[in-house]
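Quick note: residue numbers are just sequence positions, from 1. Just so it is clear, the values below take in all heavy atoms, side chains as well, and ignore hydrogens, waters and symmetry mates.
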Amino acid sequence: MVTTATGRHRNPPLSGALAFLLLNLPLGIVAFTVVVTLFSVGIATAVVWVGVPVLALLVLLTRGAARMERARVFSLLDTFVDSPYLPLPEGGRSRWVTRLKDRATWRDLTYFLLLFPAGMIEFVLVVTFWAVSLGLVALPVYYRFLPDGAYFFPSYDVRWIVVDSTVAALPWAALGVLFAALSVVLTRGLARLHAGFAVALLRPTVAQRHRMERSWNAIDGMSTVTG
């Protein structure tokens, strides 16, 4: 079952949610770097017209990346996000004016600027919770391979807790199972929040839907007249 942009969000699959959240940080870094670099270069050189094609490239890359992001949200989080773009008219200049006046372009740009900080928070939380969970669960297996054949917390020199036997490690493994359950809830919750964030910025608003309908009706009317 696939959720739509206007429906309720189901819990995304765990594997998809985990892959999605871990990818957000590297994708956010790349997106933020490209957007800021092209925008800065384009604005700085717009006076001599060199920046115009740079800004045009930024618009095309942003809209293309947003289409890929909608597909990524659909494939990994099981959430469908409608395409919000106005139909492009004939003529090169008119098409560029439509792209620039289309609010969906600027909402796409906002999404990719915010993807970096959001991805960083998500990455830190997911990696921390899963690392602690898996470390505790596997403690009965690997403690014997550590220095002196024991696990010392918080460090080798400061030994508040010493785990030097399987019996001593089992309570911590049980705690790891609890942390693993919390990690599953956290992962799915963060993924569901990000799906809502993507829907809010990448889908058409009510006003955009109305403009899209008027644009398509106008195109259909012109086709009928010319046909």
Side-chain angles (χ1 to χ4, degrees), residues 4-5 16 19-77 79-124 190-191 193-220 222-223:
T4 63
F20 186 89
L21 294 173
L22 292 178
L23 284 172
N24 282 345
L25 179 58
L27 291 178
I29 293 174
V30 173
F32 187 87
T33 302
V34 171
V35 168
V36 171
T37 300
L38 291 181
F39 184 80
S40 301
V41 172
I43 293 297
T45 58
V47 179
V48 293
W49 297 101
V50 176
V52 174
V54 175
L55 294 174
L57 176 62
L58 174 60
V59 170
L60 291 179
L61 287 177
T62 300
R63 287 165 68 101
R67 290 187 176 92
M68 295 178 63
E69 186 67 6
R70 293 183 190 94
R72 189 170 73 103
V73 171
F74 174 73
S75 61
L76 295 179
L77 301 186
T79 300
F80 178 76
V81 184
D82 293 332
S83 178
Y85 304 120
L86 294 171
L88 297 177
E90 298 294 332
R93 183 175 180 179
S94 299
R95 294 168 73 90
W96 279 107
V97 170
T98 300
R99 289 189 183 100
L100 293 176
K101 292 176 64 176
D102 193 347
R103 293 182 181 178
T105 300
W106 305 104
R107 288 157 61 87
D108 292 345
L109 193 64
T110 301
Y111 176 87
F112 286 114
L113 287 174
L114 296 177
L115 182 60
F116 171 49
M120 182 168 55
I121 295 172
E122 293 163 354
F123 186 90
V124 170
L190 287 175
L193 285 175
H194 196 109
F197 167 62
V199 165
L201 284 179
L202 299 181
R203 75 172 178 183
T205 62
V206 174
Q208 286 174 327
R209 289 183 185 276
H210 291 162
R211 284 197 297 270
M212 291 168 65
E213 291 173 359
R214 289 195 298 268
S215 297
W216 284 115
N217 289 336
I219 292 175
D220 291 340
M222 293 176 60
S223 300

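Between A104 and P84, the closest heavy-atom pair is CB-CG, 3.6 Å. Of all the heavy atoms in R203 and R107, the pair that sits closest is O-NH2, 3.2 Å. In plain terms, the two heavy atoms of D102 and W106 that are nearest each other are O-CD1, 3.5 Å. Closest of all the heavy-atom pairs between A195 and L77 is CB-CD1, 3.9 Å. Minimum interatomic distance between V73 and A198 (heavy atoms only, all atoms of both residues): CG2-CB, 4.0 Å.
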| task | Go through the steps to decide whether L115 and E122 satisfy the test side-chain contact (heavy atoms from CB on, under 4.5 Å), and finish with yes or no. | result | CA-CA 10 Å; L115 182 60; E122 293 163 354; 5.8 Å; no
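Using a 4.5 Å cut-off on side-chain heavy atoms (C-beta onward), L86 and R103 make no contact. Under the 4.5 Å side-chain criterion, counting only non-hydrogen atoms from C-beta, T79 is not in contact with F74. Counting heavy atoms from C-beta on, the side chains of L25 and V124 never come closer than 4.5 Å.
Listed by first then second residue, pairs satisfying side-chain hydrogen bond (donor to acceptor under 3.5 Å, both in side chains) with a partner in residues 44-72 read N24-R72, R63-T105, E69-R72, E69-Y111, R70-Y85, R70-D108, not counting sequence neighbours. Sorted by first then second residue, the salt bridge (charged side-chain N to carboxylate O under 4.0 Å, His left out) pairs that include residues 28-56, not counting sequence neighbours, number zero. The salt bridge (charged side-chain N to carboxylate O under 4.0 Å, His left out) analysis of residues 41-52, with sequence neighbours excluded, yields no pairs. For residues 31-56, no pair satisfies salt bridge (charged side-chain N to carboxylate O under 4.0 Å, His left out), with sequence neighbours left out.
To the nearest 0.5 Å, atom CG of residue D82 and atom CG of residue L202 are 11.5 Å apart. Here the straight-line distance linking atom CD1 of I121 with atom CG of L190 works out to 9.5 Å at 0.5 Å rounding. To the nearest 0.5 Å, atom CG of residue L22 and atom CZ of residue F123 are 6.0 Å apart.
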Show which side-chain atoms of residues 30-40 pair as donor or acceptor with protein atoms under 3.5 Å away, not counting sequence neighbours.
{"unit_1": "T33", "atom_1": "OG1", "unit_2": "I29", "atom_2": "O", "d": "2.7"}
{"unit_1": "T37", "atom_1": "OG1", "unit_2": "T33", "atom_2": "O", "d": "2.6"}
{"unit_1": "S40", "atom_1": "OG", "unit_2": "V36", "atom_2": "O", "d": "2.7"}

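Qualifying side chain to side chain contact (heavy atoms under 4.5 Å, CB included) partners for L60, counting only residues two or more places apart in sequence or in other chains: W96, R99.
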